[in-house]
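Bear in mind that the values here come from a model prediction, so they are computed numbers and not experimental data.
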Amino acid sequence: MQPSPMSPREKGTVGFPKSSIKVLLLENVSKSAEEALRSEGYQVQCLAKLSPEELCSAIEDVHVIGVRSKTKLTADVLSHAKKLLAIGCFCIGTDQTDLAEAQEKGIPVFNAPFSNTRSVAELTLANIVNLSRKLADHSKELHEGNWNKTAKGCHEIRGKTLGVVGYGHVGSQVSVLAESFGMKVLYFDIVPKLPLGNAQRAPSLEHLLAHSDYVTLHVPLADDTKNMINRERIAEMKDGAFLINASRGSVVDVAAAAEALRSGHLAGAAFDVYPDEPAGNGKGVFTSPLQGCPNTILTPHIGGSTEEAQWLIGEEVSLKLIKFINEGATTGAVNFPNLELPPCETVHRILNIHKNVPGVMRTINTILGDFDSNILAQSLGTRQTIGYMITDFDAQVGPEIKARIDAELPANIRTRLLV
């Protein structure tokens with residue numbers, strides 16, 4: 001049950017006092033998020049991690065939860081979320097969250113698709129240079145006391161062809177950085193994208209693999225990308241090519257990649273993500289077929305783990321959460337209709353999340369008409385099984401209208417009043 005509504009004109013409320021909004025941030029989410037949310041007057045609790053049992057208990061009493069990539073918000077966990085209004089994923093990916101279940105419960109999920117793209121792009125270029133000069137292997141040799149100065153198998157990257165699979169926020173930045181090194185860039189994306197610089201679109205993934213000296217992956221995890229780079233695809237790559245994956249672990253068949261590295265078909269590889277990753281830091285907790293492969297750089301999912309990126313992610317996601325709590329804006333939500341109306345302090349605003357069935361707006365507008373309410377602005381969007389409506393009106397009967405909608409709209413999932 002939500003806190004009791006305040007009087008229609010009480011300052012600093014979002015249907016109930018901001019000081020009643022409880023926010024739980026997990027996994028050492030950046031201080032920038034904590035500061036932004038506290039500045040709104042919300043109650044903010046920050047914890048490093050919770051066990052699944054502890055998470056199920058903690059989520060019962062919070063209105064907003066913020067996680068990174070390790071905390072799994074499954075359907076079972078969300079079944080305990082009695083008050084939850086929104087979820088913040090302080091990362092690019094949202095595959096740790098059951099998006100469909102959150103949608104069914106009327107809970108928008110926000111992420112940060114832009115803030116760490118530069119960090120991932122820079123790591124990708126660093127790996128390309130490191131692989132080309134076998135720096136990881138040379139460093140290991142020196143740490144072991146061995147001196148092995150040689151130019152064999154070491155190359156400049158200038159003039160080489162980089163194949164970028166997935167030309168989105170990260171892939172396009174990699175493309176620009178690679179050209180500054182003098183590389184030629186091919187890219188492939190299932191969605192038509194405008195090339196930046198002198199990059200050229202490959203007509204097919206097969207063409208890109210066959211013509212690239214380096215292949216770097218920047219795609220989301222989906223049914224059509226799982227094991228996208230399998231044994232057959234790796235065989236289509238040039239002999240002596242390099243493979244870099246900083247997207248999602250299950251995009252590559254790592255056993256097939258390990259075979260290609262040991263056979264020499266691949267001259268090197270860099271992996272920052274894996275199909276199975278440890279739940280937390282620790283010694284001896286990571287195993288992979290890629291361990292021990294020649295000229296292979298393995299990093300622990302740190303593509304976006306820079307202080308700059310984490311600060312920006314904290315700002316980006318917290319701003320989206322604040323705009324949703326305070327104004328009802330869902331711009332940037334990955335599982336919700338994206339709606340936003342300009343804030344207006346002199347009106348009441350009703351936010352209604354409902355099942356996507358006919359007749360909803362007729363019922364709501366009839367209720368508003370019964371109170372002689374003048375609708376000043378109204379926006380409706382639907383996505384899959386749900387609809388979301390924002391309505392501004394001038395009558396001073398917001399609580400009564402909310403109560404009528406809750407009582408008379410069979411398709412209602414959640415109604416919230418902003419005053």
> salt bridge (charged side-chain N to carboxylate O under 4.0 Å, His left out) with D213: which of R158, K160, K238, K184?
Replying inline: K238
> So, the side chain of S212 versus the backbone of L209: is there a donor-acceptor pair under 3.5 Å, distance only?
Replying inline: no
>> Would you say CZ of R383 has more than 12 non-hydrogen atoms from neighbouring residues, nucleotides or ligands within 6.0 angstrom?
In response: yes
> Do you know which two heavy atoms are closest between A246 and V120, and how far apart they sit?
Replying inline: CB-CG1, 4.1 Å
Taking only distance into account, with no hydrogens and no angle test, what donor-acceptor pairs under 3.5 Å do side-chain atoms of residues 142-154 form with protein atoms, sequence neighbours excluded?
residue	atom	partner	partner atom	Å
E144	OE2	K140	NZ	2.7
T150	OG1	K152	N	3.1

>> I'd like to check Y42 versus K22 (side-chain heavy atoms, cut-off strictly below 4.5 Å). Are they in contact?
In response: no
>> Within the structure provided, determine whether K323 and T331 are in side-chain contact (heavy-atom separation under 4.5 Å).
In response: no
>> Parallel, tilted or perpendicular: which one describes the rings of Y167 and Y187, with boundaries at 30° and 60°?
In response: parallel
> Any sub-3.5 Å donor-acceptor pair from Q310's side-chain atoms to S30's backbone N or O?
Replying inline: no
> Do you know which of L99, D98, T97 makes side chain to side chain contact (heavy atoms under 4.5 Å, CB included) with L73?
Replying inline: T97
>> Walk me through whether I244 and L131 qualify under side-chain contact (heavy atoms from CB on, under 4.5 Å).
In response: CA-CA 10 Å; I244 299 102; L131 291 171; 4.1 Å; yes
> Are K31 and E34 within salt-bridge range, i.e. N to O under 4.0 Å?
Replying inline: yes
>> Pair E236, R233 - check salt bridge (charged side-chain N to carboxylate O under 4.0 Å, His left out), show working.
In response: CA-CA 5 Å; E236 293 172 357; R233 293 295 193 200; 3.4 Å; yes
>> For a 4.5 angstrom cut-off between non-hydrogen side-chain atoms, does N245 reach I229?
In response: no
> Where do L417 and P399 come nearest, in terms of heavy atoms and distance?
Replying inline: CD2-N, 3.5 Å
>> Is any side-chain heavy atom of F114 closer than 4.5 Å to one of L312?
In response: no
>> Checking the side chain of T306 only, and the main-chain atoms of A309 only, is there a donor and an acceptor separated by less than 3.5 Å?
In response: yes
> Do Y214 and S132 come close enough that some side-chain heavy atom pair is under 4.5 Å?
Replying inline: yes
>> Run the side-chain hydrogen bond (donor to acceptor under 3.5 Å, both in side chains) test on E307 and W311 for me, step by step, so that the C-alpha distance in whole Å, both residues' side-chain angles and the decisive distance to 0.1 Å come before the verdict.
In response: CA-CA 6 Å; E307 293 183 7; W311 187 269; over 6 Å; no
> Are any side-chain N or O atoms of S139 and backbone N or O atoms of A136, one a donor and one an acceptor, separated by less than 3.5 Å?
Replying inline: no
>> For a 4.5 angstrom cut-off between non-hydrogen side-chain atoms, does D406 reach K402?
In response: yes
> Considering residues, nucleotides and ligands other than K72, do more than 12 of their heavy atoms fall under 6.0 Å from its NZ?
Replying inline: yes
> Hey, what do you get for CG (L50) to SG (C56), rounding to the nearest 0.5 Å?
Replying inline: 10.0 Å
> Going through the distances and angles, do T385 and E104 end up as a side-chain hydrogen bond (donor to acceptor under 3.5 Å, both in side chains)?
Replying inline: CA-CA 7 Å; T385 62; E104 289 290 328; 2.7 Å; yes
> Does a side-chain heavy-atom distance below 4.5 Å link L221 with K226?
Replying inline: yes
> Short question: side chain of N356, backbone of Q384 - any donor-acceptor pair under 3.5 Å?
Replying inline: yes
Please set out all donor-acceptor pairs under 3.5 angstrom arising from side-chain atoms of residues 274-286, sequence neighbours excluded.
residue	atom	partner	partner atom	Å
Y274	OH	F271	O	2.7
Y274	OH	T299	N	3.1
Y274	OH	T299	O	2.9
E277	OE1	K70	NZ	3.1
E277	OE1	H301	ND1	2.9
E277	OE2	Y274	N	3.0
E277	OE2	H301	ND1	3.2

>> Working note: E27 + T71, criterion side-chain hydrogen bond (donor to acceptor under 3.5 Å, both in side chains); need CA distance, chi angles, decisive distance, verdict.
In response: CA-CA 8 Å; E27 300 184 70; T71 301; 2.8 Å; yes
> NE2/H155 to CD1/I157 distance, rounded to the nearest 0.5 angstrom?
Replying inline: 12.5 Å
> Between the side chain of K82 and the main-chain N/O of S79, is any donor-acceptor distance below 3.5 Å?
Replying inline: yes
>> A quick test of your reading: do over 12 heavy atoms of other residues, nucleotides or ligands sit less than 6.0 Å from CD of Q200?
In response: no
>> Between R118 and E308, does any side-chain N to carboxylate O distance fall below 4.0 Å?
In response: no
> Do L177 and T124 come within less than 4.5 Å of each other through their side chains, counting heavy atoms only?
Replying inline: no
>> Within the supplied structure, the quantity of interest is the number of heavy atoms (other residues, nucleotides, ligands) at a distance under 6.0 Å from K193 NZ; does it exceed 12?
In response: yes
> Is it true that a side-chain atom of N111 and a backbone atom of C89 form a donor plus acceptor pair closer than 3.5 Å?
Replying inline: no
>> With a 3.5 Å distance limit and no angle check, can you tell me whether N352 reaches the backbone of T415 through a side-chain donor-acceptor pair?
In response: no
>> So if I apply the side chain to side chain contact (heavy atoms under 4.5 Å, CB included) rule between H63 and each of I325, L321, L85, which one comes out positive?
In response: L85
> In Å, rounded to the nearest 0.5 Å, how long is the span from NE2 of H80 to OG1 of T74?
Replying inline: 9.5 Å
> Under 3.5 Å, side chain of R248 to main-chain N/O of V273, donor-acceptor pair present?
Replying inline: no
> N338 side chain to G332 main-chain N or O, any donor-acceptor pair under 3.5 Å?
Replying inline: yes
> Under 3.5 Å, is there a donor-acceptor pair between the N412 and H354 side chains?
Replying inline: no
